[in-house]
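The figures that follow rest on heavy atoms only: side chains count, while hydrogens, waters and symmetry mates do not. We count ligands from 1, going down the list as the structure has it; atoms in each ligand are counted the same way.
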Amino acid sequence: MPTLQHILMLAQEGPLLVQPGVQETAAAVDSVIDAATQHSLVNLAYLVASILFILGIKGMTHPRTAVRGNLTGAIGMLLAVLATVWQLQLFSVGVAAVAMAIGAGIGWYLAVKVAMTQMPQFVALFNGFGGLASLLVAAAEAHAGFPGALNVAESGVAAGLTGLIGAVTFTGSMVAAGKLQEIDMFRKPWSFPGHQLANAAIFALCLVLTFVMASGGGWPYWLIVLAAAVLGVLLVAPIGGADMPVVIALLNSYSGLAAAAAGFVISNNVLIIAGSLVGASGVILTSIMCKAMNRSLAHVLFGKMEASGDAPSADEVYGGKVKSTSAEEVAMLLDGVQRVVIVPGYGLAVAQAQHAVSDLANLLEKRGVKVEYAIHPVAGRMPGHMNVLLAEADVPYDQLKEMDDINPTMSQCDVAIVIGANDVVNPVAGTDPTSPIAGMPIIHVDQARTAIVIKRSLSPGFAGIPNPLFAADNTLMLFGDAKKVLVDLVAALKEAC
Ligand code: NAP
């Protein structure tokens, strides 16, 4: 893409570049003016697109405006794509159209096929492919020796950074997606003696090669990509599954930074702006998730969290202490209560029980019971997972209470109904400093007068550890698929009145 400086230079040099004839000179000046007009219009479109991105992000800060925000961002992206395609030459337009049709087809197929519960892995793959796309753009420029660059040294360094961040994002995201999909070879965190030292050495090598890139493209670029690809795996592999929300948010931020760096390589303003927006919002999300899990970023990335060898086994925690109940018994228990707190978790998403839980809440409300939902920031498998599910079932926003708001009132709760949640209500987070969820704030279901836990078995949650809540004196286990159990409970409640 010609930059404004290019066009002005061309305008100044025009008469020298063409045959000395007056007509040719005039035609050359005309074409330069056309190019300058096109350049200005494209940049204007990029500016409008950037404003739409920012308005879109603003819209997504509240559930009520989120859908409109998403649409606003998508319109901005469409405008940016159309403006870019308009600038391409005819052959490139054809290639871009075919590439976009293939990409859109694959995207459509996956969006329809992927289950809601697999969305986090899907997002991880998106991040990874974002990094890969950026590194390929920089690779093409580096391979061609930065033909459109005014300053090859600057473009070389920007390409090196794109290769570094893009490759870390790609392989890191693939490992993160593998962990979230619970694929055996990725699931277990691993590290080796001197792991952090090796990471630092690879990072330093990438930085040195990035500065070598100042003298042009070529082999250093591919060396950076190779080393950074290894670094991506080494960075994410030691991180425990329960810390994945933070890692996904961080990789999201990296994918934005890679895009912004690629924007500098090809002098594309909208890529720089959109990449910076993704980078910045990813960092903000990372900090929110760190806070929600009571972890510092350094601790997530470099801290080693392993369950201690002397942690009690499931048999020791549950043996002879678990009391199971039935829908009919719970219906009786709910008769005459004043306040019920529902704690949804990942199992609610698996069972697709959001409509069933809303039916239960409506029924209880009709009987004068105050019903609230306690939302843990990392419940489920992606930020805002529970909010999205409950919004789908038209649960009123004012019934959703954030963890910090509801926790001080949990001791005044008659019945807490935990639906498919496990780690986010596990008291071990506050009692065992060696547990994989140590320090993570939890919803204090253990303080409610009675806790009903709906899940299929005593299987652990994402962190893979037993939960003493299930064996507590005031806990009753209602075993079964969340949707079926809730339907039975609603039927039993109706029958009981
Ligand atoms: P969880 O600890 O993963 O537990 C979910 C529970 O749901 C399981 O114990 C499972 O037990 C139950 N379940 C599964 N299918 C069910 C069904 N059909 N009906 C009823 N129950 C069902 O979930 P959580 O308490 O929501 O905690 C989230 C965890 O995921 C945290 O460790 C968090 O760090 C991690 N994480 C969160 C994010 C995020 O961004 N939110 C991203 C990645 C990881 P049964 O098999 O016995 O039914």
Side-chain angles (χ1 to χ4, degrees), residues 115-124 127 176-182 186-187 236 239-252 285-286 288-295 300 305 307 314 318 322 324 342-354 356-357 373-390 403 417-429 435-443 445 452-467 469-470 477-489:
M116 190 64 186
T117 47
Q118 294 172 317
M119 227 15 117
Q121 295 89 301
F122 199 38
V123 171
N127 291 341
K179 281 179 188 274
L180 286 165
Q181 187 65 26
E182 303 188 6
F186 296 113
R187 196 187 156 118
V236 180
I239 300 175
D243 282 332
M244 271 308 116
V246 179
V247 176
I248 297 293
L250 193 66
L251 288 167
N252 179 246
L285 186 58
T286 306
I288 293 173
M289 298 309 265
C290 279
K291 211 171 135 223
M293 302 181 75
N294 198 21
R295 298 259 202 281
V300 170
M305 184 67 81
Y318 302 134
V322 173
S324 77
I342 295 172
V343 186
Y346 176 62
L348 185 85
V350 177
Q352 285 294 294
Q354 59 274 32
V357 73
Y373 295 80
I375 308 297
H376 192 288
V378 298
R381 291 291 182 271
M382 60 181 174
H385 202 167
M386 297 300 113
N387 301 64
V388 173
L389 270 184
L390 295 172
M403 174 175 66
I417 307 181
V418 178
I419 306 174
N422 192 340
D423 294 345
V424 299
V425 292
N426 192 338
V428 152
S435 136
I437 57 166
M440 180 172 93
I442 59 158
I443 293 178
V445 172
I452 309 288
V453 178
I454 300 175
K455 69 198 291 288
R456 297 165 304 181
S457 64
L458 287 173
S459 300
F462 194 75
I465 46 170
N467 188 340
L469 173 77
F470 305 158
M477 300 296 297
L478 185 47
F479 289 115
D481 172 75
K483 188 170 176 181
K484 177 167 184 326
V485 165
L486 286 167
V487 169
D488 290 350
L489 187 52

Under-4.0 Å heavy-atom contact with ligand 1, by part of Pro460 that carries it
backbone

Does ligand 1 have a heavy atom under 4.0 Å from the side chain of Met289, from its backbone, from both, or from neither?
side chain

So which bit of Leu348 gets within less than 4.0 Å of ligand 1, heavy atoms only: side chain, backbone, both or neither?
neither

May I ask you to list the atoms of ligand 1 that are less than 4.0 angstrom from any heavy atom of Leu180?
43 (C)

Closest to atom 45 (P) of ligand 1 (judged by heavy-atom distance), picking from His385, Met477, Arg456:
Arg456

side-chain contact (heavy atoms from CB on, under 4.5 Å) between Val246 and Thr286, worked out
CA-CA 5 Å; Val246 179; Thr286 306; 3.9 Å; yes

Find all atoms of ligand 1 within a distance of less than 4.0 Å from any non-hydrogen atom belonging to Ala421, and give their numbers and elements.
25 (O)

Below 4.0 Å from any atom of ligand 1, is there a heavy atom belonging to Arg381?
yes

Examine ligand 1 and decide if any of its atoms is less than 4.0 Å from a heavy atom belonging to Gly380.
yes

Asn467 to ligand 1, any heavy atom closer than 4.0 Å:
no

Please report whether ligand 1 has a polar contact with Val378, defined as an N or O pair separated by less than 3.5 Å (distance criterion only).
yes

Pro377 versus ligand 1: do any nitrogen or oxygen atoms come within less than 3.5 Å of each other?
no

Numbered atoms and elements of ligand 1 in range of Asp423, under 4.0 angstrom, heavy atoms:
2 (O), 25 (O), 27 (O), 29 (C), 31 (C), 32 (O)

Between Phe462 and ligand 1, is there a nitrogen or oxygen pair with a distance under 3.5 Å?
yes

N/O separation below 3.5 Å, Gly420 to ligand 1:
yes

